[in-house]
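Indexing begins at 1, ligand by ligand and atom by atom, following the structure's order. Predicted, not measured: the structure shown is a model, and the values here were computed from it. Numbers here simply count residues along the sequence, with the first being 1.
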Amino acid sequence: MKVLSVVGARPQFVKLAPVARAFRESGVEHVIVHTGQHYDPMLSDVFFDELGIGSPDIHLGVGSGSHGVQTGAMLGALDAVIEEHAPDWVLVYGDTNSTLAAAVSAVKLHVRVAHLEAGLRSFNRRMPEEHNRVLTDHAADLLLAPTETAMGHLASEGLSARSVLVGDVMTDVLLRVRAGVGDRIGDAAARNGLEEGGYYLATIHRAENTDDHARLREVVEALAHLDRPVLLPAHPRLAARAAAAGIDLSVGTLRPQSPLAYADLIAAALGSAGVVTDSGGLQKEAFLLGVPCTTVRTETEWVETIDLGWNILAPDAADIASAVRRPRPSPTTATPYGDGHAARRVVEALNAAS
Ligand code: UD1
């Protein structure tokens, strides 16, 4: 079996790591295409190195742009790559513009598409990620779902026959990396003069929080006035939008810094008193690490984190301060995100559908 993976943005490199490993262990021929959506070394190369993926086989170098320009450039460039490599499957990951471009290119070339992390829904049609998910799921031939909730969404859209519950590959990578980060816990905090357990870890990057100046100002103000220092690894989108709006990220309790490598982020989360984020991945990582999370959004796709009490939505920036001070949630033994062997099931599902 030959699989061509298309990735382009930071969370996709994390998801690719356990899948690439499972393919290597099973003797699957694997071609990795990087669209170039993320190009800063701290958003891209560091993940390939640190997570042992190796280098991408093909790099399209597409870079940033409006949704149409970026997605269209990838789509145009992918046709020739997919035709040349003629894989049995094109495997796409998550919900970025790279995901949609690869799904559309493959489906039009009559190459089968498998979507990893299928079936997630926010039901918020203003989110670019929601367009990407819905369109990709309906184009794909095989839907690899991370949770029972995702399977339910796929069923209600008439897609059950193509859906397989494999679990969440982010659990695979998190469990492996967590086992090795012990001595790094507190490093990121110490570099900023903070003590383990005495700070919050915050990440903000989504368009709905960064693109509107007034909204961004409210979120930054709220974070800057929390009751503990706030370590803020700043995504380039946040840094760019804050600079354009004249918003200083070094105010109050905020400690902005460069984006962190994966193990450093996990260590920073483990050493924190709580996570504040609009990232999907970090909501789950906090849950799996037993760190309370506050999500700066009106909804989440990862509803299990809310239902189990470890995550709380703070749709208004003014809600963040009370949310981070809430009592620690009760421990849970529930494993909604699988057992850490999702990547192996991805290989089995691809083989079974071949
Ligand atoms: C993308 C995904 C989002 C995902 C996020 C993870 C889409 C629609 N969005 O958002 O779902 O959660 O990745 O990080 O695909 N930039 C740089 N350097 C880079 C990449 C981007 O400076 O290496 C800056 C540029 O100013 C760019 C902006 O970030 O315009 C946004 O980048 P873009 O690729 O459009 O989306 P993300 O916000 O990263």
Side-chain angles (χ1 to χ4, degrees), residues 6-17 34-48 51 56 59-75 77-78 92-104 115-118 120-122 124-137 170 173 202-213 215-216 219 232-245 247 249 256-262 265 275 277-285 295-297 299-302:
V6 181
V7 290
R10 178 170 59 178
Q12 295 171 323
F13 311 140
V14 176
K15 291 163 200 165
L16 170 65
H34 187 323
T35 62
Q37 178 170 355
H38 283 176
Y39 42 86
D40 282 350
M42 284 308 289
L43 289 194
S44 177
D45 305 12
V46 68
F47 291 88
F48 282 85
L51 299 175
H59 200 297
L60 304 179
V62 164
S64 301
S66 67
H67 290 293
V69 167
Q70 187 181 54
T71 311
M74 294 169 188
L75 183 53
L78 278 165
V92 300
Y93 300 71
D95 54 17
T96 75
N97 290 342
S98 300
T99 315
L100 177 62
V104 173
H115 183 203
L116 184 70
E117 210 178 71
L120 292 190
R121 296 290 181 267
S122 66
N124 176 353
R125 293 298 285 261
R126 291 201 55 80
M127 287 177 70
E129 293 84 359
E130 186 74 354
H131 316 149
N132 293 338
R133 292 176 193 127
V134 172
L135 293 167
T136 301
D137 280 342
M170 289 189 90
V173 66
T203 74
I204 297 291
H205 77 279
R206 284 200 187 269
E208 58 264 38
N209 282 328
T210 55
D211 286 8
D212 178 76
H213 289 188
R215 169 72 181 168
L216 179 57
V219 172
L232 180 73
H235 186 289
R237 181 184 197 108
L238 171 65
R241 301 297 191 272
I247 297 170
L249 295 178
Q257 59 161 94
S258 307
L260 294 171
Y262 186 73
L265 181 79
V275 162
T277 191
D278 61 6
S279 150
L282 192 49
Q283 290 172 54
K284 267 182 304 170
E285 282 150 3
T295 296
V296 188
R297 286 182 50 196
E299 71 284 306
T300 178
E301 301 76 22
W302 304 107

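- Protein residues with a heavy atom under 4.0 Å from ligand 1 are A9, P11, Q37, H38, Y39, D40, L43, S64, H67, Q70, D95, T96, N97, P128, E129, H205, H235, P236, R237.
- By the side-chain contact (heavy atoms from CB on, under 4.5 Å) test, P259 pairs with R10, M42, L43, P236, sequence neighbours left out.
- One side chain, Q283 or T300, offers a donor N or O that lies under 3.5 Å from an acceptor on the other.
- E130 and S122 share a side-chain donor-acceptor pair at under 3.5 Å.
- For A77, the side-chain contact (heavy atoms from CB on, under 4.5 Å) test picks out L60, with sequence neighbours left out.
- A donor and an acceptor atom, one from each side chain of T35 and Q70, are nowhere located under 3.5 Å apart.
- Judged as a side chain to side chain donor-acceptor pair (under 3.5 Å), and not counting sequence neighbours, the contacts of N209 are R215, D278.
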